[in-house]
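The shown structure was predicted, so the numbers you read here are calculated from the model rather than taken from an experiment.
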Amino acid sequence: MVVQHLRNHPGEPRGLALLGSIAVQTGALQQGENFFREAIARGNNEITVRQDLATCLHQQERIVESLDMWRQLLAERPDDPRSLGAIAFIHDKLDRTAEARELWRTLVDRFPTKSPYWISYGLNLRAAGLTEEAVSALRRAVTVDPERGEAWWGLASIKSYTISDEDIVTMKEALETATDVVNLSPLHFALGRAFQGRKQHEAAFHHFSEANRLWAEAIKYNAEELTKEVAEARTTFDRGYFNRLEPDGASSDAPVFLVSLPRSGSTLLEQMLGTHPDIEPLGELPYIPALMRSVMERATQRKRVTVPQVLAEFSPADRKALGEEYLRRAAVHRRSDSSRFIDKLPHNWNNILFIKHILPNARFIDIRRTPVACCFANFSHSFTRAHSSSFSLDHIGRAYRDYLRLMEHLDEAAPGMVHHLRYEELIDQPEDNLRRVLDYLALPWDDSVLRFYEADRAVRTPSAEQVRRPLNREGIGAWKPYRQWLGPLIEALGPLADQELAEADRA
């Protein structure tokens, strides 16, 4: 109907704005941006259209542009909650925790019955290490909206907080009335954690399974796509390809990428390395996936192509422009002139070849956790669509195998490109492992890396509390009480699980 309207009325601004909204909903963010800009240029200057454009820019992770636009909108309507919330969220992304907290505090004061504001306020407090205040804010969220699964999960994922029997009753009642997977799934995850804490493992596994089943049915993840992409990458990018690859991207050697599956210890490693005077930890930067998504959106407008095909067709100008764009976006997060900075977004393991093309001097550290422990940690954690392989024991097992296959291939095709270490060995022998990491980064040893828990910085990952304590082995064997239900995972991992299972049998 919209397309027909525009055929009859070419350039009609309201129709263009609606096309922009439709494009964004289908994931065509650049196309959506173009429609919004054209609608505005043709006279549709409604605040909602400009807000949609600011949101579209944010979804492309062009957050400085988005922030500037939201500030302009806020100047027009100083009390607009949408603008205040968007600016607060961007401040959180930029690690401007105190500025964000002030805005969230304003919003919860003005709208005390709006649970999303209490949740964002609580997560901000948690990231800053203000755990008691975070619990109070999240408790307020579930008080005003007991069905709000994200708030319950926020509470359950704080290690020092214990879900009460009364909380369990309230969550079970919420399951009877909630209808949206966005609430139902984290409610089940929170209940799973509650029963896990009580060592009622069968009940805990039931809720973890239900939580994942709901997301799996909603998104219909196709595990075969990742397997095919890794297989094609192994064929396309052999040793000969790397020998021919010119370093045409951005020349900076500052970026250090921690790559892994989620729940593998990357937050701990970043916290350790981030205390070194020559390393600045920037957290999980969203820019590599955003740039990759933009590249693929443009490429697939012309023809059907795969990621390896696009990378192999990059021109030197493409590589340099994309590398410099990444560095520009990352620079907004920097607060020091240290020689290295860390980007620890776990799923960049699957973007490592893209990164190598656009940042040829970047360094990569693969931190790896034993397979059953890693996969179960993913399965029992409430993730968003960004970690969609975690919603099935079979799928997360396959993802681990794909990840390992790519790492092994890179060791053969580009020896020394990636430095590997194991999470369990880092816990048991921190100094030996950290010395090897620093040698790989061409940096001198500094004793501060062993006192990582003294660092005063915001941590915005599920390991926020853990990395503020000295090293411990808590959680390393968390999968063992669930072994009888892990058949699909063990089958998917195959021989990769054998050693772990044998050690569990001997214990």
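Using a cut-off of 4.0 Å between Lys/Arg side-chain N and Asp/Glu carboxylate O, Glu431 and Arg435 are scored as salt-bridged. Between Arg483 and Asp505 there is a salt bridge, since a side-chain N of the basic residue sits under 4.0 Å from a carboxylate O of the acidic one. Between Arg62 and Glu65, at least one side-chain N (NZ, or NE/NH1/NH2) sits under 4.0 Å from a carboxylate O, which counts as a salt bridge. A salt bridge links Glu280 to Arg334: one of the charged nitrogens lies within less than 4.0 Å of a carboxylate oxygen. Salt-bridge formation is not detected for the pair Asp432/Arg436: no Lys NZ or Arg NE/NH1/NH2 atom is positioned less than 4.0 Å from an Asp or Glu carboxylate oxygen. Classification of Glu408 and Arg405 as a salt-bridged pair fails, no side-chain N sitting under 4.0 Å from a carboxylate O.
Side chains of Thr370 and Glu424: a donor on one and an acceptor on the other come within 3.5 Å. Donor-acceptor pairing under 3.5 Å is lacking for the side chains of Arg82 and Thr48.
The aromatic ring centres of Phe89 and His58 sit less than 6.0 Å apart. Note: Trp152 and His188 fail the aromatic proximity criterion, with ring centroids not under 6.0 Å apart.
Here the closest heavy-atom approach between residue Ala492 and residue Arg398 is recorded as CB-N, 4.2 Å.
Proximity of a side-chain donor or acceptor of Ser136 to a complementary backbone N or O of Glu132 within less than 3.5 Å is detected.
Ring geometry for Phe376 against Phe208 counts as perpendicular: the plane angle is over 60°, on a 0 to 90° scale with 30° as the lower cut. Using bins of under 30°, 30° to 60° and over 60° for the plane-to-plane angle, the ring pair Trp215/Phe391 lands in the parallel bin.
Annotation: cation-pi pair Arg263/Phe383 absent, no NZ/CZ under 6.0 Å from the ring centroid and within 45° of its normal.
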